[in-house]
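Written out below as structure tokens is the structure these notes cover.
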Amino acid sequence: MENLLEVKGLEVSFPSPAGDFKPVAGVDFVLEPGRTLGLVGESGCGKTLTALSILRLLPPPGKITAGKINLQGVDLVTLPEKEMVKIRGAKVAMIFQEPMTSLNPVFTIGNQVTEAIRAHQRISRAAARRRAVELLRAVNIPRAEERLGDYPHQFSGGMRQRVMLAMAISCRPLVLIADEPTTALDVTVQAQIMGLLKRLREELAMSLLLVTHDLGIVAQATDRVAVMYLGRIVETCPTPLIFQSPAHPYTRGLLRSVPRLGQRIRRLQAIEGVVPESSLRPRGCSFHPRCELADERCREAEPVLETVGDSHLAACHKAPPPAGKTDG
Amino acid sequence: MVNYLLRRILIIPVMLLMISLITLGVMHISPGDPAALRYGLNPEVSATALDRMRELYGLDQPFLTQYRGWLIRVVSLDLGNSFIDDRPVQTIILERLPATLLLNILSLALIFAVAIPIGVVSAWRRGSFFDRSAGLLVFIGYSTPTFWLALLLIMFFGVRLGWFPISGMRPWYVQFMPPAAQLRDLASRLVLPVFATAFGGLAGLSRYARSSVLEVLRQDYVRAARAKGLTEKRVVWKHAVKNALLPVVTIMGLTLPSLIGGSVIFETIFSWPGMGRLGYNAIMNYDYPVVMGVGVLSAFLTLVGILISDLAYAWIDPRIRYR
Ligand SMILES: Nc1ncnc2c1ncn2[C@@H]1O[C@H](COP(=O)(O)OP(=O)(O)O)[C@@H](O)[C@H]1O
Ligand code: SF4
Ligand SMILES: [Mg+2]
């Protein structure tokens with residue numbers, strides 16, 4: 001299938017007197033039309049910065065210093081800001097991890113939703129209002145019409161995330177980026193929001209880039225998954241394969257850390273050792289200090305993403321070679 | 001909210017009581033009194049005459065008795081008569097208030113009208129030529145003593161160029177002019193004092209607005225607004241400005257007392273017949289009733305100003321409004 005969104009060699013740097021800090025250091029992935037890609041990894045591995053790069057909304061002084069982000073063949077990295085404004089919210093929309101703080105406290109919900117609509121569509125205020133009501137209904141907000149005049153603080157976290165979602169889909173984007181959309185919410189609300197996301201993705205035929213650290217969500221909601229470690233993709237494959245035949249030791253560690261029934265943990269911490277500061281990226285394979293399989297070669301040479309199976313890639317010297325080939 | 005408001009209003013009389021007590025107390029313990037000031041150096045006036053004079057003003061009474069007397073009159077809305085010319089304090093204050101109000105309202109309006117846009121544009125175009133020039137101006141504004149600036153303005157625009165009159169508000173001869181000419185005269189007399197009094201505030205408020213906007217621009221909801229595809233202009237002027245101006249509104253309420261209190265320095269430099277000079281002269285003359293009147297009025301307005309700014313804040317910020 002043709003790729004809708006293609007990220008190639010994406011690098012994000014924060015200049016600092018002690019040398020540039022690169023929290024994203026060469027990320028590659030593709031998003032196919034109408035599919036969901038899960039971007040997984042421990043906290044701090046660069047998922048949010050990768051997502052923000054696509055919209056070119058990196059917090060200053062962060063900058064994209066290398067790579068391409070092709071949306072329908074147009075490179076967003078080099079697009080003038082004037083054109084980028086037309087992409088944000090129209091072709092690529094995003095919802096965030098913190099629904100509590102993502103709505104402006106001093107404007108009504110109606111004001112903020114109609115603003116999203118009118119940013120890209122030339123319609124009257126009244127028409128935008130009607131559309132806002134429709135959108136709020138689409139995300140299951142009860143008494144949508146009355147609630148237009150309410151302020152964000154009158155909504156719960158889950159309801160605010162629904163409002164964010166309503167704004168995000170208001171211009172029927174091609175790509176929706178959801179950055180840990182349920183991390184800040186209660187478990188029951190999480191399930192509702194995930195259900196809603198899935199339904200809307202199907203109804204609107206959007207592609208979804210779902211950032212998460214929850215492998216349960218990955219299993220439920222994604223078609224394909226990309227595992228990120230220290231600013232790089234270390235493994236990517238169709239979702240079922242990640243559970244059946246994980247090729248990268250880090251991925252296997254993540255799977256082992258999935259909480260058993262009854263013990264929910266929020267972060268993937270069960271792997272030995274801690275995530276090193278991205279500024280102190282280890283030589284060779286950046287996972288080697290925590291990897292039980294690490295040997296001399298891992299400490300010296302950096303592995304690159306290589307095919308290990310049917311549309312299955314991993315960046316590890318010890319990953320099983322693709323079927324039919326022998327280790328060289 | 002109603003409860004809160006009620007509490008805030010009820011506390012005002014209590015505060016006024018304390019403030020007036022302290023004001024009278026400070027005057028009481030400061031050396032000298034009106035009788036001594038006027039006649040103390042005159043050898044013709046005997047000590048008994050001085051004492052009779054003190055008796056007349058009630059200055060021989062114990063402190064608290066004096067205070068009680070003053071308080072009883074004030075409650076019946078009588079601020080007493082000036083020791084100097086025996087005219088009612090109310091009349092004297094009402095004579096001086098318009099001059100100060102006119103000058104300070106214009107100056108405040110100028111400050112807000114100019115400083116906020118400068119601050120917002122500086123934040124919006126941070127690091128630009130505009131931002132850096134504004135920063136330099138502010139630096140100059142902070143470090144220039146404003147009385148000196150006032151004198152420079154008078155010398156340059158008043159004396160050298162002769163564009164504006166240098167002092168006074170309403171000279172005696174204007175009463176013979178037609179109304180339009182009177183107005184023009186007043187306007188030309190306002191230019192220098194308004195600019196001089198606004199200058200310091202301009203520097204402070206524009207920097208304040210700038211940092212306030214920059215702070216808001218870092219918020220999550222600003223990033224979310226950008227993600228919707230709003231232009232940077234709209235993000236700044238709609239989303240950042242309203243939030244950033246919340247604290248500025250507070251400042252606006254807090255300026256109310258200075259609005260009425262007047263400034264001794266500027267009113268002296270420009271011979272402006274306002275409240276600042278009135279209060280200053282009253283203190284120098286031990287004119288207790290006028291000092292008390294001006295003091296209590298300023299205190300009252302300060303408290304009202306704080307109340308208004310809180311209410312304005314609540315009115316803008318829905319999180320507080322609905323509490
Ligand atoms: N504004 C910033 N300035 C400097 N470093 C940042 C900034 N935002 C994120 N980082 C760093 O970049 C790394 C990746 O951050 P992020 O993308 O938010 O991780 P994730 O979303 O995977 O938890 C982290 O080490 C974080 O400390
Ligand atoms: S390359 Fe070596 S250190 Fe890195 S993950 Fe593979 S085995 Fe472990
Ligand atoms: Mg994140």
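Sequence lines set the chain letters: A, B, ... in the order given, protein chains first and strands last, and positions in each chain run from 1. Small disclaimer: the values here were computed from a predicted structure and weren't measured. What's counted below: heavy atoms across the whole structure, side chains too, no hydrogens, waters or symmetry copies.
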Hey, is CZ on F300(B) packed in by over 12 heavy atoms from elsewhere, all under 6.0 Å?
no
When you look at CD of E145(A), are more than 12 heavy atoms from neighbouring residues, nucleotides or ligands closer to it than 6.0 Å?
no
Got more than 12 heavy atoms from elsewhere within 6.0 Å of CD1, I265(B)?
no
To the closest 0.5 Å, what do you measure between CE (M84(A)) and OG1 (T231(B))?
14.5 Å
Is L17(B) atom CG crowded by more than 12 heavy atoms from other residues, nucleotides or ligands, each under 6.0 Å away?
yes
Check this for me: R172(A), atom CZ, are more than 12 non-hydrogen atoms of other residues, nucleotides or ligands nearer than 6.0 Å?
no
Might you confirm whether atom CZ of R147(A) has over 12 heavy atoms from other residues, nucleotides or ligands at distances under 6.0 Å?
yes
M100(A) CE to D220(B) CG distance, which is reported to the nearest 0.5 Å
12.0 Å
Contacting moiety of M164(A), where chain B heavy atoms sit under 4.5 Å:
side chain
If you tally heavy-atom pairs under 4.5 Å against chain A, which of E232(B), Q219(B), R234(B) wins?
R234(B)
For R218(B), is it the side chain, the backbone, both or neither that has a heavy atom under 4.5 Å from a heavy atom of chain A?
neither
Turns out that what part of L52(A) lies under 4.5 Å from chain B's heavy atoms comes down to side chain
NZ of K68(A): more than 12 outside heavy atoms within 6.0 angstrom?
no
Measure across G229(B) and A119(A) and return the closest heavy-atom pair with its distance rounded to 0.1 Å.
O-CB, 4.3 Å
If you take all heavy atoms of V106(A) and K242(B), which pair is closest and at what distance?
O-NZ, 3.4 Å
Under a 4.5 Å heavy-atom cut-off, does chain B meet the side chain of L103(A), its backbone, both or neither?
backbone
Counting only heavy atoms not in F139(B), do more than 12 sit closer than 6.0 Å to its CZ atom?
no
Validation row: Y221(B), Q112(A) side chains within 4.5 angstrom (heavy atoms):
no
Under a 4.5 Å cutoff for heavy-atom pairs, which residue among S102(A), P60(A), G89(A), P152(A) has the most contacts with chain B?
S102(A)
Kindly give the heavy-atom pair with the smallest separation between F96(A) and A227(B), and that separation in Å.
CZ-CB, 3.8 Å
Interatomic distance, NZ@K228(B) vs CG@L55(A), rounded to 0.5 Å, equals 13.5 Å
